[in-house]
Amino acid sequence: FLSETDMIEMVLRIDSELLNRLKKRLGQANPIVVVRLAFSLLDWASREVELGRIILSSNSRGDKVHRLRMRELEAIRPRAK
């Protein structure tokens, strides 16, 4: 567990409709948990890009592939191998 000195407190303004959609999709009533999950996903995605990987999604058959494009992720330079 993290100590209080390892934590940062934030005040966020988040669109209530967006937050409610995410809470419903994730089955999570606690908005703090939703925000933590979002940070975890962004942490994973940024590490993948840092490793030189691209992030893709597809339908259940594996076709109709889409690449995640996000300006902030594309600004990350892959680490040298």
Side-chain angles (χ1 to χ4, degrees):
F1 292 98
L2 297 175
S3 70
E4 287 297 317
T5 58
D6 295 330
M7 306 283 280
I8 184 170
E9 187 170 326
M10 299 175 71
V11 176
L12 301 172
R13 289 186 182 267
I14 300 173
D15 180 280
S16 61
E17 288 182 24
L18 171 62
L19 183 58
N20 288 331
R21 272 196 319 270
L22 289 171
K23 286 168 38 178
K24 185 176 180 179
R25 279 186 201 143
L26 298 171
Q28 182 55 251
N30 188 335
I32 294 170
V33 172
V34 173
V35 171
R36 285 184 183 149
L37 290 168
F39 271 96
S40 294
L41 183 57
L42 187 57
D43 180 48
W44 169 80
S46 63
R47 278 184 283 130
E48 291 295 297
V49 172
E50 197 174 50
L51 292 170
R53 297 183 176 138
I54 59 172
I55 301 169
L56 306 170
S57 72
S58 72
N59 63 11
S60 60
R61 293 186 309 271
D63 55 2
K64 297 191 180 193
V65 176
H66 298 274
R67 180 178 178 176
L68 174 66
R69 304 218 58 133
M70 184 182 226
R71 181 178 55 233
E72 292 80 2
L73 290 177
E74 291 176 358
I76 296 171
R77 299 289 173 237
R79 286 189 274 172
K81 295 179 181 179

Count I, L, V, M, F, W, Y as connected when their side-chain heavy atoms are under 4.5 Å apart, and connections chain through other members. Are [X] and [Y] then in the same cluster?
X	Y	answer
Leu73	Leu51	no
Leu42	Trp44	yes
Leu41	Ile76	yes
Met10	Leu19	yes
Met70	Phe39	no

- For atom CG of Leu18, decide whether the heavy atoms of other residues, nucleotides or ligands shown that lie under 6.0 angstrom number more than 12. yes
- Item | Glu17 CD: over 12 foreign heavy atoms closer than 6.0 Å | no
- Message: Is any side-chain heavy atom of Ile14 closer than 4.5 Å to one of Val35?
- Response: yes
- Separation between CD of Glu74 and CD1 of Ile54, rounded to the nearest 0.5 Å: 10.5 Å
- Task: With rounding to the nearest 0.5 Å, note down the distance linking CD1 in Ile55 to CZ in Arg69.
- Result: 11.5 Å
- Identify the two heavy atoms, one from Asp63 and one from Ser58, that lie closest to each other, and give their separation to 0.1 Å. O-CB, 3.5 Å
- Message: Looking at every non-hydrogen atom in both residues, tell me the closest pair between Gln28 and Val34 and how far apart they are.
- Response: CG-CG2, 3.9 Å
- Query: Quick one: side chain to side chain donor-acceptor pair (under 3.5 Å) partners of Arg77, sequence neighbours excluded?
  - Reply: none
